[in-house]
Amino acid sequence: MLDLIIKNASLPDGRTGVDIACQDGIITAVEAGITAEATEVIDAKGYLVSPPFVDPHFHMDATLSLGTPRMNVSGTLLEGIALWGELKPVQSVDDIIQRALRYCDLAVSMGLGAIRSHVDTCDDELKGVEALLEVREQVKDYIDLQLVAFPQDGVLRDPTAMANTLRALDMGVDVVGGIPHFERTMADGAESVRQLCEIAAERGLMVDMHCDESDDPHSRHIETLACESQRLGLQGRVAGSHLTSMHSMDNYYVSKLIPLMVEAGVHAIPNPLINIMLQGRHDTYPKRRGQTRVRELRDAGITVGFGSDCVMDPWYSMGTADMLDVAFMGLHVGQLSSREDMAWCFDAVTQNSAHIMGLEGYGIAKGCAANLVLLQARDKIEAIRLRADRLAVIRKGKVIARKQPSVSCLSLPGRPESLDPADYAPKSPT
């Protein structure tokens with residue numbers, strides 16, 4: 001007997017009327033008309049079944065800390081950085097653990113199955129590192145939590161950041177991070193990229209750097225990151241996060257830069273919610289929106305995954321752990337409005353981000369991990385439009401979160417008694 005069968009599902013690749021069989025945490029069949037018995041059978045009723053959502057850029061050591069020790073009154077990046085400096089000394093390891101676990105509960109309910117979290121290594125006590133290593137262990141059965149050693153105050157600018165970053169990696173942090181544009185000079189920023197990439201190469205680790213999170217078109221550390229990736233043989237293991245300065249660069253320079261990134265196999269992680277909130281603050285009008293050149297990066301063949309960055313912390317007072325919100329915002333800001341573009345935005349919070357994180361067994365195919373999300377939508381575009389409810393979240397073939405479909409009851413003469421928002425999708429032309 002199988003553990004689980006999902007009947008009559010629509011899939012992200014456009015197939016409909018598909019059954020998915022799961023046994024011992026693995027998908028054993030994806031086909032129509034599976035007749036075997038199972039411990040649990042879920043009728044998808046034609047709704048979309050997706051692999052889990054993936055957040056490739058987050059700050060779990062700060063999440064849900066909104067209001068501690070005070071609010072970010074201006075809502076700006078600089079006040080957020082100052083506020084984080086006030087929070088670090090007063091929070092305990094247990095504070096971070098409890099907030100992070102609460103966030104993981106929320107993340108599971110929203111269908112998130114994997115998160116890459118940067119953790120600040122400019123705290124000499126490494127409280128965040130200690131806390132998130134414990135959280136990673138506690139949530140490993142339901143969330144793949146990947147940690148990035150992130151010297152938030154600059155690995156060269158902060159006198160103990162390099163030693164702390166190496167300690168964090170020795171403790172078991174997965175990925176080498178950095179923030180070159182926050183170093184004192186452009187030269188220091190480039191040197192920080194070189195040193196950190198060499199550490200990653202020596203240790204066989206991936207790299208994910210906050211890179212050029214600035215409106216300054218001359219902040220060009222992504223060029224150095226691409227160069228070092230190629231020099232050290234790190235192709236496919238390196239991501240540049242944010243890349244907001246690219247929004248302001250001149251087109252000629254970008255026409256040189258993007259091919260360098262392609263050649264070096266560097267991935268891109270824009271963070272639509274935060275990028276458009278925090279960038280362009282010195283502008284009057286026209287006002288830059290800050291999100292990097294998503295379409296151009298994608299069309300060049302670079303893997304682009306959308307991250308959420310923050311939820312209710314010193315930098316961003318909003319957020320719901322909903323990667324469909326992230327895709328929705330990225331779609332609008334990037335003017336990704338063709339049918340192909342909109343469907344791609346769903347991929348940017350699922351399979352693209354899974355690729356960036358190097359997740360194994362991800363997807364809906366025989367032999368993949370039985371990690372799935374049933375959404376109250378018929379296809380990828382409708383899932384984004386509706387920010388569809390997660391009706392079932394499945395991990396290793398077991399349902400770990402459920403929600404009843406959103407249905408409105410109407411009292412209108414001559415009109416239907418109930419309304420399912422997922423029934424309002426346009427019919428595909430025949």
Result of checking Arg99, Glu86, Lys127 against Gln91 for side-chain hydrogen bond (donor to acceptor under 3.5 Å, both in side chains): Arg99

Gap between atom CD1 of Ile96 and atom OG1 of Thr63 - 0.5 Å precision: 12.0 Å

Arg116 to Phe58 six-membered ring, cation-pi geometry met (6.0 Å, 45°): no

Criterion salt bridge (charged side-chain N to carboxylate O under 4.0 Å, His left out) on Glu31 and Lys366, from CA distance to verdict: CA-CA 10 Å; Glu31 58 192 51; Lys366 184 177 180 180; over 6 Å; no

Exercise: identify the closest heavy-atom pair between Ser74 and Arg281: O-NH1, 4.0 Å

Audit row: Leu257, Met246, side-chain contact (heavy atoms from CB on, under 4.5 Å) steps and yes/no: CA-CA 9 Å; Leu257 175 61; Met246 196 181 297; 3.6 Å; yes

Donor-acceptor under 3.5 Å (Thr244 side chain, Ser214 main chain): yes

Least distance between heavy atoms, Lys403 atom then Arg390 atom: CB-O, 3.2 Å

Backbone N/O of Ser219 and side chain of Ser245: donor-acceptor pair under 3.5 Å: yes

Criterion salt bridge (charged side-chain N to carboxylate O under 4.0 Å, His left out) on Lys7 and Asp43, from CA distance to verdict: CA-CA 5 Å; Lys7 305 286 290 184; Asp43 183 0; over 6 Å; no

Met318 atom CE, neighbour heavy-atom count above 12 within 6.0 Å: no

Short side-chain donor-acceptor distance under 3.5 Å, Asp55 and Ser308: yes

Nearest non-hydrogen partners of Val266 and Gly240, listed with the distance: CG1-N, 4.0 Å

Non-hydrogen side-chain atoms of Leu372 and Cys22 separated by less than 4.5 Å: yes

Side chain to side chain contact (heavy atoms under 4.5 Å, CB included) partner of Lys396, the single match among Asp141, Leu4, Ile26: Asp141

Ser65 side-chain N/O to Thr68 backbone N/O, donor-acceptor pair under 3.5 Å: no

Spatial distance of atom NE2 (His267) from atom OG1 (Thr303) [nearest 0.5 Å]: 5.5 Å

Within the 6.0 Å centroid threshold, strictly below: Phe53 and Phe306: no

Ser353 (side chain) donor-acceptor with Val349 (main chain) under 3.5 angstrom: no

Under 3.5 Å: donor-acceptor pair, side chain of Thr292, backbone of Leu243: yes

Within 6.0 angstrom of Lys45 NZ, more than 12 heavy atoms from elsewhere: no

Polar contact flag, side-chain donor to acceptor under 3.5 angstrom, Asp420-Gln376: yes

Pair His59 + Phe150: ring centers closer than 6.0 Å: yes

Note, Val129 side chain near Val173 side chain (heavy atom, < 4.5 Å): yes

Atom pair CG (Leu126) and CG (Asp61), whose distance is rounded to the nearest 0.5 Å: 11.0 Å

Shortest non-hydrogen contact from Ile364 toward Val49: CD1-O, 3.3 Å

Evaluation steps, side-chain contact (heavy atoms from CB on, under 4.5 Å), between Ser50 and Thr350: CA-CA 8 Å; Ser50 168; Thr350 51; 4.0 Å; yes

Interatomic spacing from CG in Leu297 to CD1 in Ile258 - rounded to 0.5 Å: 4.5 Å

Flag, side chain of Asp313 to backbone of Leu66, donor-acceptor distance under 3.5 Å: no

Side-chain donor-acceptor pair present, Ser241, His57, cut-off under 3.5 Å: yes

Residue pair Ala107 / Ile143: nearest heavy atoms and the distance that separates them: CB-CD1, 4.2 Å

Derivation and outcome, salt bridge (charged side-chain N to carboxylate O under 4.0 Å, His left out), residues Glu198 and Arg231: CA-CA 10 Å; Glu198 287 181 351; Arg231 179 177 74 87; 2.9 Å; yes

Donor-acceptor pair, side chain of Asp212 and main chain of His221, under 3.5 angstrom: yes

Arg402/Glu40 under salt bridge (charged side-chain N to carboxylate O under 4.0 Å, His left out): CA gap, chis, key distance, verdict: CA-CA 14 Å; Arg402 297 179 191 268; Glu40 182 168 8; 2.6 Å; yes

Beyond-backbone contact of Val175 with Leu147, side-chain heavy atoms, under 4.5 angstrom: no

Test ring-ring contact (aromatic ring centres under 6.0 Å, His included) applied to His242 and His210, step by step: CA-CA 6 Å; His242 293 292; His210 286 59; 5.2 Å; yes

Enclosure of Arg70 CZ (heavy-atom neighbours >12, cutoff 6.0 Å): yes

Lys/Arg-Asp/Glu bridge criterion (N-O < 4.0 Å) met for Arg387, Asp325: yes

Thr39 side chain reached by Met1 side chain, heavy atoms, under 4.5 Å: yes

Donor-acceptor pair, side chain of Ser10 and main chain of Gly46, under 3.5 angstrom: yes

Polar side-chain atom of Gln146 near backbone of Met357 as donor-acceptor pair, under 3.5 Å: yes

Working for side-chain contact (heavy atoms from CB on, under 4.5 Å), residues Ile384 and Cys345: CA-CA 8 Å; Ile384 295 174; Cys345 287; 3.9 Å; yes

Non-hydrogen atoms of Trp84 and Asp120 that approach each other most closely: NE1-OD2, 2.8 Å

Arg295 atom CZ, over 12 foreign heavy atoms within 6.0 Å: yes

NZ (Lys287) with more than 12 external heavy atoms under 6.0 Å: yes

Interatomic distance, Ile274 atom CD1 to Trp315 atom CH2 [nearest 0.5 angstrom]: 10.0 Å

Audit row: Leu112, Val54, side-chain contact (heavy atoms from CB on, under 4.5 Å) steps and yes/no: CA-CA 6 Å; Leu112 260 165; Val54 177; 5.5 Å; no

Positive for side chain to side chain contact (heavy atoms under 4.5 Å, CB included) with Ile394, one of Leu374, Asn371, Ile6: Ile6

Short side-chain to backbone donor-acceptor contact, Asp19 and Ala32, under 3.5 Å: no

Asp215-Gln279 side chain donor-acceptor pair, cut-off 3.5 Å: yes

Spacing of Leu145 atom CG and Leu133 atom CG [to the nearest 0.5 Å]: 9.0 Å

Ion pair Arg237/Asp208, N-O distance below 4.0 Å: no

